[in-house]
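Please read the structure below before turning to the comments.
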Number of protein chains: 2
Amino acid sequence: MKAELAMIEPSERQRVLLALVVHEYVRTASPVGSHYLVERYNLDMSSATVRNELAALTEMGYLRQPHTSAGRVPTEEGYRYFVGRLLQETVLPDTMRRTITHQFYQMGNDVEQWMRLAASVLAHQSRAASLVTAPHAEKPRLKHLELINTRGRQVLMVMVMVGGEVRQRLMTLSEPASQEQLSAAAERITRQFLDKSVDAIRASRGSQPNLDSDVLGWLIEELERAESNISGEVYLDGLANVLAEPEFSSSEDARRALRMLEERSMLQDLLARTVLATGNVGGVQVLIGGEGTWNDLRQSSMVLSRYGVPGLATGTLGVLGPMRMSYGKTISVMRFLSSLLSDLVAETLVDEN
Amino acid sequence: MKAELAMIEPSERQRVLLALVVHEYVRTASPVGSHYLVERYNLDMSSATVRNELAALTEMGYLRQPHTSAGRVPTEEGYRYFVGRLLQETVLPDTMRRTITHQFYQMGNDVEQWMRLAASVLAHQSRAASLVTAPHAEKPRLKHLELINTRGRQVLMVMVMVGGEVRQRLMTLSEPASQEQLSAAAERITRQFLDKSVDAIRASRGSQPNLDSDVLGWLIEELERAESNISGEVYLDGLANVLAEPEFSSSEDARRALRMLEERSMLQDLLARTVLATGNVGGVQVLIGGEGTWNDLRQSSMVLSRYGVPGLATGTLGVLGPMRMSYGKTISVMRFLSSLLSDLVAETLVDEN
DNA sequence: AATTAGCACTCTCCTTGCGAGAGTGCTAAC
DNA sequence: GTTAGCACTCTCGCAAGGAGAGTGCTAATT
């Protein structure tokens, strides 16, 4: 967040007007004028009064004019104030909650499908680009190891983590082994390191038989990888939506925003410094205009939330759209999805052995 | 492919000019005129002669003018003729081949990484959007089954397919079972149905013990799913590239093209009707302007190729860009990647047990 | 002291007109 | 068959002008 000089607190009437300007601008994408506001909302004051108040709000930094003699447009600060103080939570209609819940339960227990569905719902409801990361443990712990002979000295290693993540990797043994030997080794190692993190495994690596030593090496390598990944697999949807917005219809900005989602390193950085930095699950965060940190998001806003069971497996929900985005709708959909996914994760993945 | 009335065959000189026009238009994105061509390529004829030939090519349907008194632009047919008859294969420089190959071998045996790398290389080299699908068997056969107790009656089923695909699914047993029982059942089933396709399994499903019956049910369900999927997982890259092209900078068209890649059903349809329809691996197919079938690709072209080992596991490489795309470069990169990936698949995934 | 009517002013946007430039097609000469 | 020359067409950029929207300010009103 950028260093802010304390902003002046608007009066009650100014707050109402600010909310109206934001609402109207989000709807129409064109600057809103005093006369228009009075007309459209049957305000109990004249356009001149509104004009005075808008001028004050402009002075305070919540609004700006694209040029002298145009209507007003919210500034970043304007959106921030709106989201932080003015936005009253709208609750998702009950029928919609039910429909969505139903869809999730129809998918069975397939995490991949949940992710796709979540991304799709987010993208549709917010009419923007969405982003969902699969549940992922910060400190992965081994739940089950399996070794499968494929050919000669090549072996497929399948690791299941506590929390349900599965990773696989094809590797080459230093000397051949039968499937029986492999299975025995896998069972041995599973028993020894059940529920252990990579540190524990690394520590107790001593003088194992040749085969076990090979396997442990890969296991550690793979767990390290899983641990260095800040998030689970990434699912995107609705990328085409952002191109429909007038502010992105041409211009460099759409490209930058898209690149942000495409490029894993940027995304990891973004997530690490926002949702993951704060521990809380279920809360919704809003980044407006890149918050001075992400240049590629200068024209955009992101709504982010974390779901899951902290300590076991958590994931992220995100929506990327123009700054002029329907925050109310987006936030309420995301809040709902976040709690729904948290429930699903808890129900199916929690380890109670 | 659309029904074509036989096109008139251009003369040798016309062919040269057509190639030059295509080349020049791809480079500059603006209509090319007779005078300019003579100047730039030191042609041994006057602009008037060129004008006559261009008029002839226009008459034949290979070129068109955006308006009277503008230069010429290739038509779809023009591109088609160019790609089919005029494009001489450029071979990728040796250093680049080596660099790319090196990168792939550095990834080890991780299919997921290969896919990402392939998508990234394709996107960068062609400066367009790329698409890679993971190796996938048309007729999946079981290689190994594993059952892992998670909690109560919940069981994680991990299936490894011949060819290396891995699928997992969380399911609920009709009555509880210990890990020992699960492992035994998994081994029993693996032994019985090793290398069998879903049909064989469905056929010999008889009076198994309760547990086995449950498991077989899911196994069949999951194999059916794998079989109904026409392709493996889809990896996209360079989506932001297409927005950089002038023809996509604004307008509906970029959105349509993006949607095509995003929407799995469209993509499956596209792949099913093109690369997968023809059996050959390694050949490169070019779709120009949607070929009358895909409306969303009206402004775009796709270059497609299939890689892998037919009958075992194959995947698809694709590039989506504006019709005014550098076909030569794209095709040569794709040809190289296709054979490289085929080698990798053959080396690591072929089953010789 | 706050509100409002009235008005001059500013700026965008759209249209119109016009000249420069690029490129063509045609004709007549080579 | 090729080319020089020329009239013609169309886009593009620029300037000028008018309509429209919206502002800020001042003076009158409540």
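Note on naming: letters A, B, ... go to the chains in the order of the sequence lines (proteins, then strands), and numbering restarts at 1 for each one.
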Do A:Thr58 and A:Arg64 have a side chain donor and acceptor closer than 3.5 Å?
no
For the atom pair CG (B:Leu271) and OG1 (B:Thr316), what is the distance rounded to the nearest 0.5 Å?
5.0 Å
Check: B:Tyr36/B:Ser47 side-chain N/O donor and acceptor closer than 3.5 Å
no
Rounded to the nearest Å, what distance is computed from the CE atom of residue B:Met45 to the C1' atom of nucleotide D:dT2?
11 Å
Indicate for each nucleotide in nucleotides 21-30 of chain C, in 5' to 3' sequence, whether protein heavy atoms under 4.0 Å reach the base (B), only the sugar-phosphate (S), or nothing (-).
-BBBB-----
Five pairs per end, C1' atoms only: what is the angle between the end axes of the helix from C:dA1-D:dT30 to C:dC30-D:dG1, to 10 degrees?
20°
Looking at B:Thr49, does any N or O in its side chain come under 4.0 Å of the phosphate oxygens OP1/OP2 on D:dT2?
no
When rounded to the nearest 0.5 Å, the distance separating CZ of B:Arg27 from OG of B:Ser30 is 9.0 Å
How close or far is atom C1' of D:dG1 from atom CG of B:Asp44, stated in whole angstroms?
15 Å
OG1 (A:Thr330) and CD (A:Gln125) are apart, to the nearest 0.5 Å, by 9.5 Å
Side-chain donor/acceptor of A:Arg72 to backbone N/O of A:Pro31, under 3.5 Å
no
Using 0.5 Å steps for rounding, measure from the CG atom of A:Asp253 to the CD atom of A:Gln299.
4.0 Å
Taking atom C1' of D:dC10 as reference, at what distance in whole Å does atom NE2 of B:His67 sit?
6 Å
A:Tyr81: which residues meet the ring-ring contact (aromatic ring centres under 6.0 Å, His included) condition with it, sequence neighbours left out?
A:Tyr62
